[in-house]
Amino acid sequence: MARLTKEVRKRLLEQNDGFTRSTHYKDRNFQEQRIYKISGGQLHIKSTGKTSWADSRFDDEYTARDEEVHRFLYKYLDELNKDGID
């Protein structure tokens, strides 16, 4: 498998359009669910959850930065379509 250079990350995102993955994290005073979706050559992240504070619920949606894209692709590489990438 090729290194996850910027060009390789871009190609992986383009050929895995529609790929989604959901994660859940729970700790004593914090819980979060993240939904990752590859769409339009970008990785979109929706994060919802709460902390121990009374008004601490959150619901954020954003496009992943390069560092987050790299970590996501590295973690789920075995599940992605890697055709044409050496």
Is there side-chain contact between [X] and [Y], with heavy atoms separated by less than 4.5 Å?
{"X": "Ile85", "Y": "Gln15", "result": "yes"}
{"X": "Arg57", "Y": "Thr48", "result": "no"}
{"X": "Tyr25", "Y": "Asp27", "result": "yes"}

Could you tell me the separation between the [atom1] atom of [X] and the [atom2] atom of [Y], rounded to the nearest 0.5 Å?
{"X": "Lys75", "Y": "Thr23", "atom1": "NZ", "atom2": "OG1", "value": "6.5 Å"}
{"X": "Asp55", "Y": "Trp53", "atom1": "CG", "atom2": "CH2", "value": "9.0 Å"}
{"X": "Leu12", "Y": "Phe72", "atom1": "CG", "atom2": "CZ", "value": "10.5 Å"}
{"X": "His24", "Y": "Ile35", "atom1": "NE2", "atom2": "CD1", "value": "12.0 Å"}
{"X": "Arg34", "Y": "Asp60", "atom1": "CZ", "atom2": "CG", "value": "9.0 Å"}
{"X": "Asp66", "Y": "Arg71", "atom1": "CG", "atom2": "CZ", "value": "11.5 Å"}

Checklist entry - Using 30° and 60° as the class limits, which term best fits the ring planes of Phe30 and Phe58: parallel, tilted or perpendicular? => result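 It falls in the parallel class, under 30°.
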Item to check | Parallel, tilted or perpendicular, as decided by the 30° and 60° cut-offs, for the rings of His70 and Tyr74 | outcome: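 Parallel, since the angle between the ring planes stays under 30°.
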Item to check | side chain to side chain contact (heavy atoms under 4.5 Å, CB included) partner of Leu73, the single match among Leu43, Asn16, Leu13 | outcome: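 So, applying the side chain to side chain contact (heavy atoms under 4.5 Å, CB included) to Leu73 and each of Leu43, Asn16, Leu13, only Leu13 qualifies.
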Next on the checklist: Show the nearest heavy-atom pair for residues Lys37 and Thr20, with the distance to one decimal.
Outcome noted: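 Reported closest heavy-atom pair: CG-CG2, 3.5 Å.
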Next on the checklist: Ignoring hydrogens, what is the shortest heavy-atom contact between Gly41 and Asp17? Give both atom names and the distance.
Outcome noted: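 Looking at all heavy atoms of both residues, the closest pair is N-OD1, 4.2 Å.
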Checklist entry - Can any side-chain N or O of His44 pair as donor or acceptor with the backbone N or O of Ser39 at less than 3.5 Å? => result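 Yes; judged by distance alone, with no hydrogens or angles, the pair exists.
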Item to check | Side-chain donor/acceptor of Lys82 to backbone N/O of Leu77, under 3.5 Å | outcome: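 Checked: pair present.
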Checklist entry - Taking atom types as modelled, is there a side-chain donor on Tyr36 or Glu68 under 3.5 Å from an acceptor on the other? => result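 Note: Tyr36 and Glu68 side chains miss the donor-acceptor criterion.
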Checklist entry - Going by atom types only, do Ser47 and Gln33 share a side-chain donor-acceptor pair under 3.5 Å? => result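 The answer is no; no qualifying pair exists.
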Checklist entry - Do Lys46 and Asp59 pass the side-chain contact (heavy atoms from CB on, under 4.5 Å) test, and can you show the C-alpha distance, the side-chain angles, and the key distance before you say yes or no? => result CA-CA 7 Å; Lys46 180 175 175 69; Asp59 187 356; 2.8 Å; yes
Checklist entry - Could Glu32 and Lys26 be called an ion pair, given the rule that one side-chain N must be under 4.0 Å from one carboxylate O? => result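 Looking at Lys26 together with Glu32, the answer is no, because their closest N to O distance does not fall below 4.0 Å.
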